[in-house]
2 protein chains.
Amino acid sequence: MLSKKTKYAFHALTFLGKQPNNIPVVISEIANRTKLPKKFLETILLDLKKSGILGSKMGKGGGYYLIKQTKDISLAEIIRMFNGPIALLPCASLNYYEPCEECEDEAQCGLNKMLLKVREETLKILVNKTLFDIISAEE
Amino acid sequence: MLSKKTKYAFHALTFLGKQPNNIPVVISEIANRTKLPKKFLETILLDLKKSGILGSKMGKGGGYYLIKQTKDISLAEIIRMFNGPIALLPCASLNYYEPCEECEDEAQCGLNKMLLKVREETLKILVNKTLFDIISAEE
DNA sequence: TATTAATCTATTAAAACGATAGATTATATA
DNA sequence: TATATAATCTATCGTTTTAATAGATTAATA
């Protein structure tokens, strides 16, 4: 399951992705239109900015706007950022790898091998689907 | 990510699946061999019993043993039992469906549509992989 | 210089997770 | 029938994560 933060990020991105010419939109408008809690949304937008997906402008006429192309923002990327690893266990993750305490020999562990495969196949799905596809699916 | 409970369930099942003739094994032995916390493991084994995957016998010579065939125990089944939905959001889950509060019209929601597809594809993977495959992958 | 709007720091309530303790019930066998 | 064995049940508990809010600060514009 995705956290609410992750879900909110998708909603905010979808909204901004539909904005014409990527004109900056202020937080409160994004919050109103997407029905997301404003203060919580702030932290999300900030994270998206820090990772280079959004840009921002302070002061009058400011707000947040999309920098990356919607086709270049994959589900995997957003999920990793807000939800953590794609893999089902840390021992099967490439980006967030950590060994299991109870596991004597990982190279022997059938669960690990299986979850590595699952991760691989899941990633294929999540990398190929983008914000563009989400927006295209609307209406 | 899977919870530790889910991971422990897989380890316990893998151990029992490798047992010859499905002879009952006592909790403490399962715990020792798998290196899992015994008391926590108890609750897991009980759940597995209630769902018909394991059988148990009290008293001397008792313990837990596998009832279902390893080929008939899918990853999806275990994950659902201990970890919850396969879908990434409740609104995209069939077994645990729940609408989103912020969503005015689900039929219009691009995220929902996308996650329904993801769920479908993920399920294909997780249903086709079984305890048998995990055990086969060992050594 | 006043207004606007993002950014930063700090805090908090609630839920989920992981784990343990102790009492009870069922079964086998000596 | 008594005893040992082992699952089962009830209850509790600390920690971490999640979701959310409050308030002060900085930057940009007009």
Side-chain angles (χ1 to χ4, degrees), chain A residues 1-12 16 23-32 34-51 53-67 79 81-85 88-90 96 98 100-102, chain B residues 1-12 16 23-32 34-51 53-67 79 81-85 88-90 96 98 100-102:
Chain A
M1 287 270 113
L2 300 178
S3 64
K4 289 200 176 181
K5 198 168 189 177
T6 311
K7 179 174 71 165
Y8 292 170
F10 277 119
H11 282 314
L16 288 175
I23 291 171
V25 186
V26 299
I27 297 177
S28 50
E29 193 186 337
I30 304 177
N32 287 337
T34 56
K35 288 190 177 173
L36 302 180
K38 190 190 156 212
K39 270 292 182 184
F40 195 23
L41 179 61
E42 281 184 21
T43 68
I44 296 169
L45 295 171
L46 215 48
D47 285 345
L48 287 167
K49 189 206 164 173
K50 281 172 188 158
S51 72
I53 292 174
L54 296 184
S56 69
K57 222 182 131 188
M58 279 179 148
K60 191 162 191 180
Y64 281 98
Y65 52 93
L66 215 54
I67 288 185
I79 291 176
M81 185 178 319
F82 293 102
N83 218 64
L88 290 175
L89 286 182
Y96 300 77
E98 248 180 275
C100 297
E101 289 135 34
E102 76 278 8
Chain B
M1 288 268 113
L2 300 178
S3 64
K4 290 201 175 180
K5 199 168 188 176
T6 311
K7 178 173 72 164
Y8 293 171
F10 277 119
H11 282 314
L16 288 173
I23 291 169
V25 185
V26 298
I27 297 177
S28 49
E29 192 186 337
I30 304 177
N32 288 337
T34 56
K35 290 190 176 174
L36 302 180
K38 191 189 156 212
K39 269 292 181 182
F40 195 22
L41 180 61
E42 281 183 22
T43 67
I44 295 169
L45 295 171
L46 215 48
D47 285 345
L48 286 167
K49 188 205 164 174
K50 280 172 188 159
S51 72
I53 292 174
L54 296 184
S56 68
K57 222 183 130 187
M58 278 180 148
K60 192 162 191 179
Y64 281 98
Y65 52 92
L66 214 56
I67 288 185
I79 291 175
M81 186 178 318
F82 294 102
N83 219 63
L88 289 176
L89 286 182
Y96 300 77
E98 248 179 275
C100 297
E101 289 134 35
E102 76 278 8

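Reminder, nothing fancy here: chain letters follow the sequence lines and each chain counts from 1.
Remark: C1' of D/dA7 and CD1 of B/Ile30 are 11 Å apart, rounded to the nearest angstrom. Rounded to a whole Å, the CD atom of B/Glu29 is 11 Å from the P atom of D/dA7. A straight line from CD of A/Glu102 to C1' of C/dG18 spans 13 Å, rounded to a whole angstrom. Atom P of nucleotide D/dT12 and atom CD of B/Glu42 are separated by 18 Å, given to the nearest angstrom. In this structure, A/Leu2 atom CG and D/dT18 atom C1' are separated by 14 Å, rounded to whole Å. One atom, CZ of A/Phe40, and another, C1' of D/dA22, lie 15 Å apart when rounded to the nearest Å. Nucleotide C/dA5 holds its P atom 16 Å from the NZ atom of A/Lys49, rounded to whole Å. In this structure, the CG atom of A/Leu41 is 16 Å from the C1' atom of C/dC8, given to the nearest Å.
When each of C/dA6, D/dT21, C/dG18 is scored by its nearest atom to the side-chain atoms of A/Ile27, the top-ranked nucleotide is C/dA6. Across C/dA19, D/dA28, D/dC9, the shortest atom-to-atom separation from the side chain of B/Pro37 is found for C/dA19. In this structure, of D/dA20, D/dC9, C/dT29, it is D/dC9 that holds the atom nearest to the side chain of B/Leu46. Comparing C/dA28, C/dT4, C/dG18 by their closest approach to the side chain of A/Lys60 singles out C/dT4. When distances run from any side-chain atom of A/Met58 to the nucleotides D/dT26, C/dG18, D/dA20, the shortest one goes to D/dT26. Distance from the side chain of B/Lys4 is smallest to C/dA19 among D/dC9, C/dA19, D/dA19.
Within the 4.0 Å cut-off from OP1 or OP2 of D/dT29, at least one side-chain nitrogen or oxygen of A/Lys57 is found. Phosphate contact (OP1/OP2 of C/dG18, side-chain N/O of B/Tyr8, threshold under 4.0 Å): absent.
Within 4.0 Å (heavy atoms only), B/Lys39 reaches at least one base atom of the nucleic acid. Residue contacts for A/Lys5: at a heavy-atom cut-off of 4.0 Å it reaches the sugar-phosphate backbone alone, with no base atom in range. Contacts of A/Lys38 with the nucleic acid, taken as non-hydrogen atoms under 4.0 Å apart, are absent.
The shortest heavy-atom contact between A/Lys5 and A/Phe82 is CG-CD2, 4.0 Å. Pairing each heavy atom of B/Leu89 with each of A/Leu2, the nearest pair is CD2-CB, 3.9 Å. Smallest separation of non-hydrogen atoms from B/Leu45 and B/Ala12: CD2-CB, 4.2 Å.
Each of B/Gly61 and B/Lys50 was assigned the nucleotide of DNA chain D with the nearest heavy atom; the assignment lying further toward the 5' end belongs to B/Gly61.
To the nearest 0.5 Å, the span separating CD1 on B/Ile44 from CE on B/Met81 amounts to 11.5 Å.
The side chain to side chain donor-acceptor pair (under 3.5 Å) test with B/Glu102 is passed by exactly one of A/His11, A/Lys35, A/Lys4: A/His11.
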